Structures are given as structure tokens and as C-alpha cells.
2 protein chains.
Amino acid sequence: MPTPSLDFWFDLASNYSYLSVMRIEALAGRAGVEVRWRPFLLGPILEALGWKGPPFVVQKEKGAYVWQDMRRQCRKYALPWRQPSEFPRRSVLATRIAVLADGEPWLPAWCRTVMTRNYGDDREVDSPEAVTQMLTALGLDAQRLIAEAGSDANRQRLRERTQRARDLGIFGAPTFFVGDEMFWGNDRLEDAIDAARSARQVSFDG
Amino acid sequence: MPTPSLDFWFDLASNYSYLSVMRIEALAGRAGVEVRWRPFLLGPILEALGWKGPPFVVQKEKGAYVWQDMRRQCRKYALPWRQPSEFPRRSVLATRIAVLADGEPWLPAWCRTVMTRNYGDDREVDSPEAVTQMLTALGLDAQRLIAEAGSDANRQRLRERTQRARDLGIFGAPTFFVGDEMFWGNDRLEDAIDAARSARQVSFDG
């Protein structure tokens with residue numbers, strides 16, 4: 001009987017991804033659902049879909065609302081929050097590190113560190129200095145990881161990951177998949193976990 | 001000590017409004033929160049914001065997802081669901097009736113009837129025949145109400161209501177207001193009700 005699982009697609013620059021990055025381990029752990037972390041870059045996808053940035057940056061009315069919503073959501077989930085002075089924040093190096101860390105036990109902690117620095121502290125997260133500081137704080141070999149993250153092979157890995165997101169029909173972040181069923185947005189995290197658990201149940205019953 | 005309350009802005013053609021129209025009375029009633037129903041037309045607002053239709057009709061990738069999401073949400077909330085063969089469905093006469101019914105005890109039942117017919121049965125809701133049938137089923141004087149709904153005064157009332165929505169910065173439906181605090185989307189209904197209840201609490205403590 002396979003462990004129930006879900007794929008968690010997110011962008012380290014995305015504010016609603018922040019909420020899920022911070023919440024998913026506790027929720028999935030409690031439900032006995034395994035999470036496959038799938039960092040990718042949403043920017044190229046939005047561009048290909050014809051957006052000139054995140055929908056709520058393009059549309060001012062929505063943009064004003066989103067920060068209000070984020071402040072309330074972070075209060076609800078007891079997460080640190082400081083409205084970022086720059087958005088979306090460049091985080092390509094941080095994402096390359098995340099892609100390099102595929103399957104590593106420190107990947108979730110890395111993502112939480114990056115996102116808390118961006119959305120909890122309003123600090124940049126993509127300079128070699130910032131990345132070195134964050135990796136070192138996690139007890140990791142920053143110099144080696146930064147070098148590997150920037151290798152051609154790893155850059156290619158991120159491009160393929162993002163292309164895979166496009167092929168899956170992903171149009172925003174976070175997005176969860178249970179099998180081939182898509183759930184979009186942090187507001188659907190609980191539903192996705194429930195679906196993963198039910199899928200296990202079905203397989204158990206059958 | 002005033003009763004805690006919230007303003008409920010919705011469009012009878014909007015699928016996510018359907019979820020809130022069906023859920024709000026039970027949730028608000030249990031919380032002791034009074035609901036002021038504010039039907040309006042989202043179409044002219046989206047047009048003014050530069051959209052050529054609901055965002056997920058304009059963007060195909062999102063559109064395919066929304067019906068999947070609706071099916072699952074309706075199952076979660078135990079609401080009837082049949083994917084509409086026409087979207088968004090014309091509902092101007094039905095909305096004029098709703099605006100005419102401002103403050104009437106049958107307004108919520110009217111909205112539920114229209115929306116269940118559209119999203120539960122996939123039937124048109126705006127012909128005089130359909131509207132007559134639905135009003136009559138609620139024990140109301142269809143002929144008189146349809147005539148009053150189409151009067152210049154009432155058409156003007158709907159235009160003003162929609163303009164008010166625009167002035168409030170509304171960019172989607174459903175939208176809830178607790179005082180001047182906006183909550184957007186059916187996913188925020190519970191949060192809006194909690195906020196209304198807390199606002200009462202503050203006023204009680206003070």
C-alpha cells in the first residue's frame with residue numbers, strides 16, 4: 001500500500017506560496033501525506049500566458065487588496081509578516097539551490113528560510129551574500145552549493161522543472177497535484193491533503 | 001450595542017458568488033452576524049478595469065481549472081452542481097428583481113432560487129418566463145414585480161448600486177465588507193464573519 005502523497009509546486013518569490021511553504025509540513029505530517037517539493041519559476045509561465053507580471057500587480061485594484069489579505073492571512077496562521085518593499089523579489093539563485101536540493105532533507109527548511117527573510121523581514125534573498133548567510137545558518141556548505149547551483153546542469157534542471165510546470169497546465173502558485181488532479185492556491189492546501197488521504201483510502205479499500 | 005454585520009456584494013451570474021449565496025445565511029446566523037445583501041453587476045466593472053470577461057474566461061488555462069474547482073467545492077459544501085453550458089449567463093432581469101427586493105425577507109430565497117437554477121440545473125434564468133416561474137414558486141406576484149423591476153427608477157437603482165461597488169474598489173465577486181475592510185472571494189466568507197463578530201466584541205469591550 002503506497003504512502004499517500006502530493007506534489008507541491010511553488011515559486012520562492014510568490015506571496016501565496018509563502019503561506020503554503022510555511023504550513024504544508026505540519027498539515028501533511030498530521031495527515032500522513034508525503035510531500036514532493038517542486039520549486040519552479042512562475043515568471044516565464046505568466047509571460048507565456050500573456051501576463052506582464054503577477055495578475056494582481058498588473059491589476060492595481062487587486063494589488064492593493066492582496067497586501068491587506070496577506071497581512072490578515074499571516075495573522076490567522078501566526079506567520080511573520082512585513083509587506084515587502086520590492087515585489088516580486090528576484091530569487092533565481094535561491095530557486096536554483098532549491099532545485100539542486102531535490103529530495104534532500106534540508107529542502108523544506110531552505111524554502112522556509114528564504115521565504116521568511118523575504119516576507120517576514122522584507123530583506124533581499126538572492127545576492128550571493130544573502131544566500132551564503134542563509135545556507136551557513138542551516139549548517140550547509142554554502143560555497144560548494146552556490147557553485148553547483150550555478151552549473152550548467154543545474155540551470156538546465158530548473159528550466160526543465162519550469163517547462164514541466166507549463167506542461168502540467170500550471171498558471172499560478174502554489175499549485176498542488178494529487179495524481180493528475182490540480183488544486184490551485186494556498187486556500188486549497190487542506191483540500192489537496194484531504195484528497196491525497198482519500199486516494200490512499202480508495203487504494204486501500206480496493 | 002449594535003448587531004455585528006457585514007455587507008455581501010455578489011453577482012447572480014458569478015459562479016463563486018453561488019457558493020456564498022448558498023452558504024452565508026447559515027454561517028452568519030450561527031455567528032449572530034447580520035447580512036446586508038448587495039447584488040450588483042460585475043460585468044461593467046470588469047470592463048472598466050480592462051477585462052474582456054471574467055479573468056478565467058479570458059485566460060483559458062484558468063478557465064479549465066475553475067470548473068474542476070467548482071465541482072469539488074460544491075461537493076465539499078453539499079451544493080447541487082451542473083457545469084453551465086453557457087457562462088456567464090445573462091441575469092440582468094433577475095438582478096433587477098434582487099435590487100428591487102432590497103431589505104425584503106424573500107431576497108435571500110430569490111437569490112438562492114436563481115443561482116440553483118443556473119448552477120445546479122444548468123437552465124437560463126433571465127427570460128420573463130423563467131423569472132415568472134421562479135417568483136411564482138416563491139409565492140410572489142410575478143407580474144407586478146417584473147413590471148416594477150423594469151421601471152426607470154429601478155434600473156437607475158441597479159446602475160447606482162454597481163457604481164457604488166466600483167467606488168468601493170470592488171474588482172470581483174463575491175466581496176464582503178466589514179466596516180471598510182474588504183474580503184474577496186467565497187474562500188474568505190468565514191474570515192469576514194469572524195471579523196464582523198470580533199468587531200462587535202471590540203465595541204462591546206470598549
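The analysis underlying the following values was restricted to heavy atoms, covering all of them including side chains, and did not include hydrogens, waters or symmetry mates. Being a predicted model, the structure only gives us computed values, none of them experimental. Just so we're on the same page: letters track the sequence lines, and every chain starts at 1.
Scanning both residues, A:Arg72 and B:Met182, for their nearest heavy atoms gives NH2-O, 2.6 Å. Taking all atoms of both residues into account, the shortest heavy-atom contact from A:Lys62 to B:Phe171 is CG-CE1, 3.2 Å.
More than 12 non-hydrogen atoms from other residues, nucleotides or ligands lie less than 6.0 angstrom from CZ of B:Arg36. Counted within 6.0 Å of CH2 on B:Trp184, heavy atoms from surrounding residues, nucleotides or ligands total 12 or fewer; the atom is thus considered open. Remark: B:Arg164 CZ is loosely packed, at most 12 non-hydrogen atoms of other residues, nucleotides or ligands lying under 6.0 Å away. The number of heavy atoms from other shown groups lying within 6.0 Å of CG (A:Asp167) is above 12.
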Kindly indicate, with the supporting measurements, whether the criterion side chain to side chain contact (heavy atoms under 4.5 Å, CB included) is fulfilled by B:Arg188 and A:Asp69. CA-CA 9 Å; B:Arg188 293 290 175 276; A:Asp69 187 49; 2.7 Å; yes
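A salt bridge links B:Lys76 with A:Asp191: the distance from a Lys NZ or Arg NE/NH1/NH2 to an Asp or Glu carboxylate oxygen falls below 4.0 Å.
Residue A:Gln73 touches chain B through its side chain alone, counting heavy-atom pairs closer than 4.5 Å. Neither the backbone nor the side chain of A:Asp194 comes within less than 4.5 Å of any heavy atom in chain B.
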